[in-house]
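For reference, the structure is listed below as C-alpha cells.
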Amino acid sequence: MDSNGYSNGTLSGDGAYVLFNRLDVANHISFTVKTSNNWDKFGVSFVRGTDSKKYYTMVVNPEWEDGRKVNFEQEGEEGKGFIEAADGYVFQRPADNV
C-alpha cells in the first residue's frame, strides 16, 4: 500500500491518495466523502497494475453550488477522456457535504 495524506482510514489535504494492493477475490468497496466546501471535486480511480497506460476514474464535479455531476473517464497515456455513454448522473449536494 502506498499513500499521501492518508491516516486511520481518512484522506485529507490536496493531492491525498491511497493505493491498495491488487485484490485476489471479488470485493465490495464503500467509502464516505466529506467535502470542505460546496465546490470541491473528488474522484476514485481503478487501474489494473499490468496495464496502467489506461485506467478509469469516477469523478464527482460541482455543476452549480448545490449540484454535483458524476463523470466516468478513461485516463492515462492511452485514455480517451470522458466516456459519453456512462457519465452525466446529476444529483443534489447533501447539505452537510457528506
Side-chain angles (χ1 to χ4, degrees):
M1 183 175 89
D2 185 27
S3 66
N4 178 43
Y6 178 75
S7 177
N8 297 322
T10 300
L11 287 170
S12 60
D14 291 343
Y17 70 89
V18 62
L19 300 174
F20 293 102
N21 295 328
R22 187 177 183 139
L23 305 172
D24 58 355
V25 295
N27 286 277
H28 174 84
I29 299 171
S30 65
F31 56 91
T32 301
V33 174
K34 181 168 178 64
T35 60
S36 61
N37 64 61
N38 294 357
W39 297 100
D40 277 349
K41 172 182 175 179
F42 65 92
V44 178
S45 296
F46 300 93
V47 62
R48 187 173 69 184
T50 57
D51 186 17
S52 60
K53 290 183 179 181
K54 180 171 40 176
Y55 59 93
Y56 297 91
T57 300
M58 180 183 69
V59 181
V60 179
N61 290 301
E63 288 291 300
W64 66 92
E65 186 172 4
D66 291 326
R68 300 286 177 269
K69 182 178 179 184
V70 177
N71 291 317
F72 194 59
E73 302 174 7
Q74 188 182 65
E75 299 185 296
E77 292 175 23
E78 297 177 2
K80 64 179 183 176
F82 289 111
I83 304 208
E84 293 181 29
D87 75 326
Y89 176 72
V90 179
F91 64 97
Q92 198 73 18
R93 179 188 59 81
D96 61 0
N97 286 335
V98 174

Intermediate values then yes/no, side chain to side chain contact (heavy atoms under 4.5 Å, CB included), Met58 and Val70: CA-CA 7 Å; Met58 180 183 69; Val70 177; 3.6 Å; yes
Test side chain to side chain contact (heavy atoms under 4.5 Å, CB included) applied to Val60 and Phe91, step by step: CA-CA 10 Å; Val60 179; Phe91 64 97; 3.8 Å; yes
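Every residue meeting the side-chain hydrogen bond (donor to acceptor under 3.5 Å, both in side chains) condition with Ser45, not counting sequence neighbours, appears here in chain and number order: Thr57. Taking the side-chain hydrogen bond (donor to acceptor under 3.5 Å, both in side chains) definition, one finds that Gln74 meets it with Tyr56, sequence neighbours left out.
Phe46 and Phe31 fall within the same hydrophobic cluster, where Ile, Leu, Val, Met, Phe, Trp and Tyr residues are linked whenever their side-chain heavy atoms come under 4.5 Å apart, directly or through other members.
Grouped by direct or indirect side-chain proximity (heavy atoms under 4.5 Å, Ile/Leu/Val/Met/Phe/Trp/Tyr only), Trp64 sits with Val90.
The shortest heavy-atom contact between Arg68 and Asp40 is NE-O, 4.2 Å. The two residues Val18 and Leu11 have their closest heavy-atom pair at N-CD2, 4.0 Å. Smallest separation of non-hydrogen atoms from Asn38 and Pro62: O-CB, 4.0 Å. Across every non-hydrogen atom of Lys34 and Asp96, the tightest pair is NZ-O, 2.8 Å.
Interatomic distance, Asn61 CG to Phe42 CZ, rounded to the nearest 0.5 Å: 9.5 Å. Once rounded to the nearest 0.5 Å, the distance linking CD of Glu77 with OH of Tyr55 reads 9.5 Å.
Of the possible donor and acceptor atoms, one in the side chain of Arg93 sits under 3.5 Å from a partner among the backbone N and O of Glu65.
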